[in-house]
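Report on one structure; see the data block that follows.
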Amino acid sequence: MELLQSGCEGGAEAVLELKPNSSLSIAYHSRFGPHDDLMLLELDEKLLPDFLHQSVTLRGQPDEDAVLCTLSKTYAVKFVGSSNSVFLIPPSDSSISVRSDDKKTVASVIKVAPGCMELVEVAPRLDKLRMLLSQNPYTFDEASEMDISEAVDQGRFPYTWDDLVESVQASDEELRAGLQALSAVEINGYWRILDEKYMDGVLNMLFHNSVINNWPLNRLIEDEVLHVMEGDGFPRKIVKHCIQVHGSKVEEGSSRSSIWRLDEKKICVHFAREILRGKRMKTETFLEEWRLRIPDGMQPSFEMLEGEVLTEKLGIDTWVYAFSVSSLSSVPAERFSILFQERPKWEWKDLHPYVRDLKVPGLSLEGLLLKYTRRTQPTADAEPIFSVR
């Protein structure tokens with residue numbers, strides 16, 4: 001192709017109609033310039049429907065790298081330079097320009113692009129969601145004493161769904177999953193997580209009432225439970241949320257109330273967290289107290305606490321302390337840094353619960369281990385040991 005300085009203007013249609021093994025002359029458009037507001041974006045075909053149906057958004061704050069979100073996935077936006085000249089030829093009503101002297105077809109270039117933007121699928125950046133909601137957990141005092149309008153005036157309820165969409169770099173589907181993983185609940189239009197002590201209070205009163213009213217924990221009648229708990233000063237919405245977090249629906253309510261079953265493992269983990277909050281205990285002492293706290297009919301086992309606690313040997317005693325995977329960063333580099341600060345070396349059986357939830361598109365768990373850890377195995381039948389790379 002030859003680039004001509006000319007006032008003749010033709011459109012992109014001339015390029016689209018170009019036959020194989022043929023050539024086309026191009027010229028500067030009368031509005032040729034840098035046009036920094038125009039960027040090229042290279043797309044995978046599978047993403048075209050999202051763009052054509054306007055179901056994509058760019059998300060990020062001024063101090064963050066922007067990401068592009070479809071309804072279900074998040075993509076990093078990366079600029080890739082090109083050593084070749086890429087000409088942008090705009091469409092026009094007259095698709096070609098014909099020079100009167102030699103009858104050449106000429107297309108007009110409005111911009112020379114130095115490269116294009118590419119999309120790379122990434123994990124949603126949900127650590128910020130946890131940070132935002134953890135700043136102001138929902139407490140018992142707030143539920144019983146503070147009027148909603150008063151709370152809003154004090155800035156206590158800052159995050160609606162729209163606020164979170166604007167602040168958190170994740171697709172709508174990933175954001176909803178993140179809220180569910182945090183056991184968040186929407187209260188008067190604002191997303192909150194419950195204060196740990198408040199959750200303890202709700203569950204303890206629920207178990208107290210289950211004994212008094214002879215409620216089987218595997219067949220809780222929703223309407224009856226909510227009515228009794230409301231009489232004890234707990235809002236119906238909060239009580240139902242606690243049941244949903246720690247159980248599953250057995251029967252859907254139609255003519256009668258829904259039936260719920262509490263999950264044994266979730267209840268046992270909850271009480272283990274409560275007992276170990278902020279302290280270390282001898283394993284035997286912890287197990288004894290744990291069994292006493294668990295409701296009748298439930299059987300706690302130490303295997304339930306994978307990814308929740310760690311043990312360490314001090315002299316002849318073994319001590320246990322809380323170290324929950326849910327409190328760790330979802331960014332692999334940060335996660336492994338925290339893990340190796342906690343322990344310089346990890347056996348696989350201990351490490352696995354703390355890394356199995358990591359999700360990096362295009363990279364397996366084995367790939368993450370190769371990238372961030374060094375594996376050693378003294379003998380073929382020995383347990384592999386992982387240390388920092």
Side-chain angles (χ1 to χ4, degrees), residues 130 134 181-183 194-208 210-211 217-218 242 245-247 262-330 334-358 365 369 372-379 381-388:
R130 179 176 58 199
S134 297
L182 290 172
S183 300
L194 265 60
D195 175 74
E196 291 177 338
K197 292 182 179 179
Y198 188 22
M199 183 75 85
D200 294 342
V202 176
L203 288 177
N204 285 327
M205 183 57 72
L206 174 61
F207 296 135
H208 175 72
S210 71
V211 174
L217 297 181
N218 60 352
C242 289
V245 169
H246 296 93
L262 293 186
D263 184 281
E264 183 176 59
K265 179 178 179 180
K266 290 180 180 178
I267 296 298
C268 291
V269 168
H270 170 83
F271 281 107
R273 287 174 174 173
E274 184 181 358
I275 294 167
L276 290 172
R277 192 173 297 148
K279 58 185 177 182
R280 298 177 182 233
M281 299 177 68
K282 290 182 180 180
T283 303
E284 297 80 4
T285 305
F286 162 72
L287 290 174
E288 182 179 351
E289 184 174 343
W290 192 30
R291 293 189 186 100
L292 291 175
R293 296 290 298 278
I294 301 300
D296 290 341
M298 293 188 176
Q299 299 297 324
S301 67
F302 210 79
E303 289 71 25
M304 292 177 173
L305 302 181
E306 279 192 348
E308 292 290 338
V309 303
L310 288 176
T311 59
E312 63 178 348
K313 193 82 170 177
L314 295 176
I316 61 172
D317 296 317
T318 301
W319 293 70
V320 60
Y321 61 97
F323 188 73
S324 178
V325 64
S326 63
S327 67
L328 303 181
S329 171
S330 61
E334 296 176 7
R335 171 78 64 87
F336 281 102
S337 175
I338 294 170
L339 291 174
F340 287 119
Q341 286 175 25
E342 186 67 26
R343 284 183 177 179
K345 294 183 179 181
W346 289 78
E347 293 185 359
W348 175 240
K349 63 179 177 59
D350 295 330
L351 179 63
H352 184 239
Y354 291 96
V355 297
R356 61 189 173 195
D357 67 308
L358 288 175
L365 178 56
L369 292 172
Y372 294 105
T373 72
R374 187 182 305 279
R375 172 179 170 146
T376 57
Q377 196 168 4
T379 61
D381 57 347
E383 180 81 11
I385 302 295
F386 294 85
S387 56
V388 66

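This is a predicted model, so every value here is computed, not measured.
Taking the six-membered ring where the residue is Trp, W346 and F323 present tilted rings, their angle falling between 30° and 60°.
Residues forming a ring pair (Phe, Tyr, Trp, His ring centres under 6.0 Å) with W319 (at least two apart in sequence, or on another chain): none. Contacts of F207 classified as ring pair (Phe, Tyr, Trp, His ring centres under 6.0 Å), with partners at least two apart in sequence or in another chain: F271. Scored by the ring pair (Phe, Tyr, Trp, His ring centres under 6.0 Å) test, H352 finds W348 as partners (sequence neighbours excluded). Not counting sequence neighbours, the partners of R130 by the side chain to side chain contact (heavy atoms under 4.5 Å, CB included) test are D127, S134, L182. Partners of D263 according to the side chain to side chain contact (heavy atoms under 4.5 Å, CB included) rule, which considers only residues two or more places apart in sequence or in another chain, are K265, K266.
For L194 against C242, the heavy-atom pair with the smallest separation is CD2-SG, 3.9 Å.
Taking the side chain as every heavy atom from C-beta outward, F386 and V355 never approach each other to under 4.5 Å. Between I385 and Q377 the shortest side-chain heavy-atom distance does not fall below 4.5 Å. Residues L328 and L339 meet the side-chain proximity criterion, which asks for heavy atoms closer than 4.5 Å.
Aromatic pair Y372/F340: centroids not less than 6.0 angstrom apart.
E383 places a side-chain N or O within 3.5 Å of a backbone atom of K349 that can act as its donor or acceptor partner. N204 contributes a side-chain N or O that, together with a main-chain N or O of D200, makes up a donor-acceptor pair within less than 3.5 Å. Judged by distance alone, the side chain of Y321 and the main-chain N or O of R277 form no donor-acceptor pair under 3.5 Å.
For residues 283-297, the set of pairs meeting the side-chain hydrogen bond (donor to acceptor under 3.5 Å, both in side chains) definition, not counting sequence neighbours, comprises E274-R293.
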TODO: Start with the C-alpha distance between S387 and T373, add both sets of side-chain angles, then the distance that settles side chain to side chain contact (heavy atoms under 4.5 Å, CB included), and finish with yes or no.
DONE: CA-CA 6 Å; S387 56; T373 72; over 6 Å; no
TODO: Go through the steps to decide whether R335 and D357 satisfy the test side chain to side chain contact (heavy atoms under 4.5 Å, CB included), and finish with yes or no.
DONE: CA-CA 11 Å; R335 171 78 64 87; D357 67 308; 2.9 Å; yes
